[in-house]
Amino acid sequence: MIKITFPDGSVREYEKGVTGIEVANSISPRLAQEVLAASVDGETWDLTRPIDHDASVRLLKWDDEEGRHAYWHSSAHLMAEALQILYPGIKFGIGPAIENGFYYDVDPGEGVTIKETDFPAIEKKMMELIAAKEDIVRQSISKPDAISMFSGRNENYKVELINELEDGTITTYTQGSFTDLCRGPHLPNTSYIKAVKILSSAGAYWRGDEKRPQLTRLYGITFPKKKMLDEYLVMLEEAKKRDHRKIGKELQLFHFSQTVGSGLPLWLPKGTQLRLRLEDFLKKIQREFDYEQVITPHIGHKQLYVTSGHYAKYGKDSFQPIKTPEEGEEFLLKPMNCPHHCEIYKAFPRSYKDLPLRLAEFGTVYRYEQSGELHGLTRVRGFTQDDAHIFCTPDQVKNEFLKVMDIIFIIFNALNFENFEAQISLRDPNDKEKYIGSDENWEKAERAIVEACEEKGLKARVELGEAAFYGPKLDFMVKDALGRRWQLGTIQVDYNLPERFELEYTGADNQKHRPVMIHRAPFGSMERFVAVLIEHTAGKFPLWLTPTQVVVLPVSEKFNGYAFDVVKELKKFDIRAEVDDRNEKVGRKIRDNELKRIPYLLIVGEKEVENEEVSVRKQGGEDKGSVKLLTFAEEISREVEEMMNPGKSGL
């Protein structure tokens, strides 16, 4: 017999070799119908895989990320099986589950293309295979046998992957006539999948290398209920309307020029206004939290990044070194700001009395992303991070974490990001060798992060083994208006760079000590954050942030003078206003400015001129009637002030 421990702490005994599905059945037949996979000692397993030792078990359903991952991973195999039947001789690359659905990279063969018009036939074949209720069977296989099997099928992409694996670690999964190289996990059989949709196709270089063959990447998604698929497709249509690339063009926020270069955004005047207001907002908060603003160059000596380790990480896939007339001298476009900040720390001897030292910079960094990976503002080659690095003693880590969390909450409140999750990433307690730093410092830092979250009442998911090698971290995942998850704020503890740069401070004991370094970026990058904000708000930004807050609409040309006087008065209150003095009917002007997502439209005619008033129309069509101009200006100023200071009321 073996003992199975459940998440609530209860323990049951089962015969050795019991499977996850059998455990679920022993608890409830209904649970057995809903469970998709099992977490065994933190590792996701197939429901049909025997458990032969005492273990902690969590049964995973659709609501669990790991459960959906197994579901969509199996769906990728289902699509591949359908493709193998429909396209004889097709070759397969990789087919992982992703955050929403799955994809498979395939080589359909010389002269063969898979078009959007082919998607219904693929979906139909997938549904036939679902109806067949094919078992998905896991099997361990030796490396020579695996090479022989896939070589015999001319699966050169799979053979390349197998050659990089260690013998004794290789498994395959088979359903019907389809066998794939895979470590799993998977569903017990194909009947679990109820609704399928092939979403799109794209080109993808094998292993992301532009010098390798270009494969066809097919994206799909599946659900356990057709209603869920229908709702998802409606959401996708709404997402298209909210696409930041589309809205950014409509609102004239940013532009990409092939002449300038792919992945290098040009911020237009209105987009620059929006971005600068975000920066000013964070700078104001940072001043209140005693940050010091610094500026560093866009380039640095190659040796700087060799020392930091960034050259090893980004050098191969980044912009190539810049050579100078000096023999052997090379510079790099900076991929990160932290090495520069380390050098600022080293500029003077530091004492424990100088700590914590908080250095902040809106620093632009550069990384060479593959052209096929570029996507609007969310994936670019040059981007500006709202970077800050805090140098502190080990005893100060918890308090600094609390302060950074305060900053992140203020920002989330001001921008109406009410739905977010947090994840604490800790080191693997069973494999400490891959982490830098002493056990004492790690334990102190991890405890500080957990306690900081508890003090803030923040329910954070704890993930063992997800820490970076240089320290534990806390990440914030925001859900936008469509329920999509975006990672934005992050706080990371770092023992690595202080060691690499030999950073020191003199302690109260008059001895030299290493500071702890905390990386912090509430926005992440200005480009990606603006993209998320556009899609979250559909371009209807909070009043304090929107580039144009008010447009004044004279009902005829003879009231243009008063309209411009209104704008002049509003500017005294720091209200961003414009006049629409086109020779158009006022109804047309209203419609056009509604499409521009202008928060307030002020209509002025003879009555308004006589009474020094404005007729107020709010975004969405709400008519608020006529008010004194001064009253309107004061109300808008008050509304903006309340939006920009939400932290005063607490989280």
Side-chain angles (χ1 to χ4, degrees), residues 237-254 268-278 281 413-418 480-482 530-555 559 563-564 566-567 569-571 573-582 584-605 608 613-646:
E237 286 303 310
E238 180 61 26
K240 288 179 184 176
K241 298 175 190 174
R242 291 171 176 258
D243 190 315
H244 75 278
R245 295 167 298 178
K246 171 178 173 288
I247 293 175
K249 186 174 183 179
E250 292 171 355
L251 300 186
Q252 299 179 2
L253 301 178
F254 57 87
L268 303 178
K270 290 185 184 298
T272 300
Q273 282 185 45
L274 184 149
R275 174 173 156 166
L276 289 178
R277 290 191 73 79
L278 282 171
F281 179 54
N413 277 343
L415 295 167
N416 299 319
F417 284 119
E418 300 171 353
D480 68 12
L482 298 181
V530 168
V532 174
L533 186 63
I534 290 171
E535 299 201 6
H536 178 58
T537 63
K540 297 176 183 177
F541 302 113
L543 181 62
W544 68 271
L545 186 58
T546 190
T548 305
Q549 297 167 311
V550 174
V551 170
V552 185
L553 311 178
V555 297
F559 303 113
F564 282 102
V566 168
V567 167
E569 284 301 308
L570 292 177
K571 287 184 176 179
F573 289 83
D574 199 27
I575 295 169
R576 298 180 295 283
E578 299 175 357
V579 175
D580 184 347
D581 59 354
R582 293 176 300 158
E584 297 280 0
K585 291 183 178 179
V586 73
R588 172 68 183 271
K589 292 182 182 181
I590 289 172
R591 284 193 302 276
D592 290 349
N593 285 286
E594 283 275 355
L595 290 173
K596 292 179 182 177
R597 286 102 166 155
I598 305 298
Y600 285 98
L601 302 180
L602 304 184
I603 300 160
V604 295
E608 286 75 25
E613 292 180 339
V614 288
S615 181
V616 182
R617 182 185 177 91
K618 200 170 182 180
Q619 169 70 226
E622 182 186 352
D623 191 344
K624 299 179 73 69
S626 293
V627 297
K628 291 290 185 184
L629 175 57
L630 181 61
T631 301
F632 172 78
E634 289 172 344
E635 286 180 356
I636 295 302
S637 297
R638 189 161 48 249
E639 186 178 345
V640 167
E641 177 66 22
E642 289 172 359
M643 285 181 172
M644 292 189 70
N645 293 283

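Starting from 1, each residue takes its place in the sequence as its number.
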May I ask you to decide whether R242 forms a salt bridge with D480, counting only side-chain N to carboxylate O separations under 4.0 Å?
-> no
So, R275 side chain and Q273 main chain: donor-acceptor pair closer than 3.5 Å or not?
-> no
Partner residues of E613 under the salt bridge (Lys or Arg N to Asp or Glu O under 4.0 Å) criterion, sequence neighbours left out | none
Tell me, with the steps shown, if Y600 and K618 meet side chain to side chain contact (heavy atoms under 4.5 Å, CB included).
-> CA-CA 5 Å; Y600 285 98; K618 200 170 182 180; 3.4 Å; yes
Check whether any side-chain heavy atom of V530 sits under 4.5 Å from a side-chain heavy atom of F254, and report yes or no.
-> no
E418: what forms a side-chain contact (heavy atoms from CB on, under 4.5 Å) with it, not counting sequence neighbours?
-> none
Answer yes or no: is there a side-chain heavy-atom contact under 4.5 Å between I575 and V640?
-> no
Approximate separation, where rounding is to 0.5 Å, of D592 CG and L553 CG | 10.0 Å
Do V616 and V627 touch side chain to side chain, with heavy atoms closer than 4.5 Å?
-> yes
Side chain to side chain contact (heavy atoms under 4.5 Å, CB included) evaluation trace for I534 with L253 | CA-CA 10 Å; I534 290 171; L253 301 178; 3.8 Å; yes
Results of salt bridge (Lys or Arg N to Asp or Glu O under 4.0 Å) for E639 - residues two or more places apart only = none
Apply side-chain contact (heavy atoms from CB on, under 4.5 Å) to A531 and list each qualifying residue two or more places apart in sequence or on a separate chain.
-> H244, L377, T378
Quick one: do V566 and V579 satisfy side chain to side chain contact (heavy atoms under 4.5 Å, CB included)? Show the steps, please.
-> CA-CA 9 Å; V566 168; V579 175; over 6 Å; no
Could you pull out all donor-acceptor pairs under 3.5 Å where a side-chain atom in residues 628-635 meets a protein atom, sequence neighbours excluded?
from: K628; atom 1: NZ; to: N611; atom 2: O; distance (Å): 2.7

K589 side chain vs R582 backbone, donor-acceptor pair below 3.5 Å = yes
CG (L602) and CD (E608) are apart, to the nearest 0.5 Å, by 9.5 Å
Quick one: side-chain hydrogen bond (donor to acceptor under 3.5 Å, both in side chains) partners of R591, sequence neighbours excluded?
-> none
Judged by atom type as modelled, is there a donor-acceptor pair below 3.5 Å linking the side chain of E594 to the main-chain atoms of G620?
-> yes
Of all heavy-atom pairs between V555 and G605, which one has the smallest distance, and what is that distance?
-> CG2-CA, 3.7 Å
Residue list, side-chain hydrogen bond (donor to acceptor under 3.5 Å, both in side chains) with N593, at least two apart or on another chain = D580
Residues in side-chain hydrogen bond (donor to acceptor under 3.5 Å, both in side chains) with K249, at least two apart?
-> none
Those residues that, when tested against D243, pass salt bridge (Lys or Arg N to Asp or Glu O under 4.0 Å) (two or more places apart) = R245
Atom pairs and distances, side-chain donor-acceptor, residues 536-551, under 3.5 Å, sequence neighbours left out:
from: H536; atom 1: ND1; to: A481; atom 2: N; distance (Å): 2.9
from: H536; atom 1: NE2; to: N416; atom 2: O; distance (Å): 3.2
from: T537; atom 1: OG1; to: L533; atom 2: O; distance (Å): 2.8
from: T537; atom 1: OG1; to: G539; atom 2: N; distance (Å): 3.2
from: W544; atom 1: NE1; to: A414; atom 2: O; distance (Å): 3.3
from: T548; atom 1: OG1; to: K270; atom 2: NZ; distance (Å): 3.1
from: T548; atom 1: OG1; to: E578; atom 2: OE2; distance (Å): 3.3
from: Q549; atom 1: OE1; to: R576; atom 2: N; distance (Å): 2.8
from: Q549; atom 1: NE2; to: L543; atom 2: O; distance (Å): 2.9

Spatial distance of atom CD1 (I590) from atom CD1 (I598) [nearest 0.5 Å] = 13.0 Å
Excluding sequence neighbours, so at least two apart, what forms salt bridge (Lys or Arg N to Asp or Glu O under 4.0 Å) with E237?
-> K240
Please lay out, stage by stage, how D574 and S637 fare under the test side chain to side chain contact (heavy atoms under 4.5 Å, CB included).
-> CA-CA 8 Å; D574 199 27; S637 297; over 6 Å; no
Contacts of Q619 meeting side-chain hydrogen bond (donor to acceptor under 3.5 Å, both in side chains) (sequence neighbours excluded), chain-then-number -> none
